[in-house]
Amino acid sequence: VSSSMFTVFRFMLGDYSTRGGKSMIIALSYGYGMMFELVFVTFMIIVIFGLFNIITAIFVDSTTSGLKHNEIKRKYAQQYEREYVKNKLRCLLERVCALHMERRLVGDPHPEDAHDYAAFGLGEDEFVQIMGDPIVKDIAKGLDVDINNPAGLFGTFDANHDGSVSMLEMAQVLLRLRGEPHKTDVIECVVSIRHLQDRFDTIAVRLKHVCEALHDAGAAGLSPSCASPTWSSDVKRKRSQRGSQKPLWS
């Protein structure tokens, strides 16, 4: 049985030789003539160009259909994620606004900006208390933002360093804090620092020119208000003229 199975396997691979190395196709063709050759050629065409191509086409079609299905699922997942993030962010901001209004109503029962959510900002103490709310923490966790130390996050949320956090700043920072840090985040910080360094270098050069102009103006006895880099040539010219004049008592 094992020898028969091995022989069938060799025939499937196109090896029709005997144990002695002779081709069985040639022997059968010599013995049965044209009838065997026609049957063999027809069989090989059907198997190789028909059955194998059908099997290959089925695999290719399954792969293509799977890729299309995965692409559709990915698009649906992106749309669902956008809607999910938008709804979660809306719920979080509404909760923050509700807590802020509760604190405002304690001191002022009828505040003028009770429904103007964009008009108020959260101070550091109020920010820490609101971000420590369990519901706010739970919603932020759904956004993949971990709020374990609200006191240490105020500087992160206060983007313009004005001492308060607006709803726009909170929404922008929450979207940036979502997920794990990536290499692009580090590169963005490096590029920003380099840009700031270039601006500081430009300011330093300008300050150096102003200081030199002030020094030249003071040495020439001019008013400091006239000191500027454009006046340096005039200052040097007047100093040279003073040096060339003869004293009146000579």
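Counting begins at 1 with the first residue of the sequence.
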Are Met35 and Tyr32 connected, step by step, through hydrophobic side chains (Ile, Leu, Val, Met, Phe, Trp, Tyr) whose heavy atoms are closer than 4.5 Å? no
Look at the side chain of Asn87 and the backbone N and O of Glu83, then say whether any donor-acceptor pair between them is shorter than 3.5 Å. yes
Less than 4.5 Å apart, any side-chain heavy atom of Leu175 and any of Val85? yes
Could you label the plane-to-plane angle of the Phe127 and Phe154 rings as parallel, tilted or perpendicular, counting under 30° as parallel and over 60° as perpendicular? perpendicular
Identify whether Leu168 and Val136 are in the same connected component of the hydrophobic contact network (ILVMFWY, side-chain heavy atoms under 4.5 Å). no
Verify side chain to side chain contact (heavy atoms under 4.5 Å, CB included) between Leu122 and Met167, making sure each step is shown before the conclusion. CA-CA 9 Å; Leu122 303 178; Met167 294 297 99; 4.2 Å; yes
Under the rule for side-chain hydrogen bond (donor to acceptor under 3.5 Å, both in side chains), what residues qualify as partners of Asp158, not counting sequence neighbours? none
Between CG on residue Leu214 and NE2 on residue His209, distance to nearest 0.5 Å: 13.0 Å
Applying side chain to side chain donor-acceptor pair (under 3.5 Å), which residue pairs with at least one partner in residues 124-139 are found, sequence neighbours left out? Arg95-Asp133, His100-Glu126, Arg103-Gln129
Interatomic distance, Thr202 atom OG1 to Leu207 atom CG [nearest 0.5 angstrom]: 11.0 Å
Is the backbone N or O of Gly142 less than 3.5 Å from a side-chain atom of Tyr84, with the two atoms forming a donor-acceptor pair by type? yes
Does the side chain of Phe157 reach to within under 4.5 Å of the side chain of Met170, using non-hydrogen atoms? yes
So, taking the atom named CG in Leu177 and the one named OG1 in Thr156, what distance separates them when rounded to the nearest 0.5 Å? 7.0 Å
What class does the angle between the rings of Phe36 and Phe40 fall in, given that below 30° is parallel, 30 to 60° is tilted and above 60° is perpendicular? parallel
Is Val39 linked to Val41 within one hydrophobic cluster, defined over Ile, Leu, Val, Met, Phe, Trp and Tyr using a side-chain heavy-atom separation of less than 4.5 Å? no
side-chain contact (heavy atoms from CB on, under 4.5 Å) filter on Met34, not counting sequence neighbours, yields Glu37, Leu38
How long is the span from the CD1 atom in Ile46 to the CD1 atom in Ile54, to the nearest 0.5 Å? 10.5 Å
Can you measure from CG (Leu99) to CD1 (Ile135) and round to the nearest 0.5 angstrom? 7.5 Å
Smallest separation among heavy atoms of Lys88 and Ile139, with atom names: O-CG2, 3.4 Å
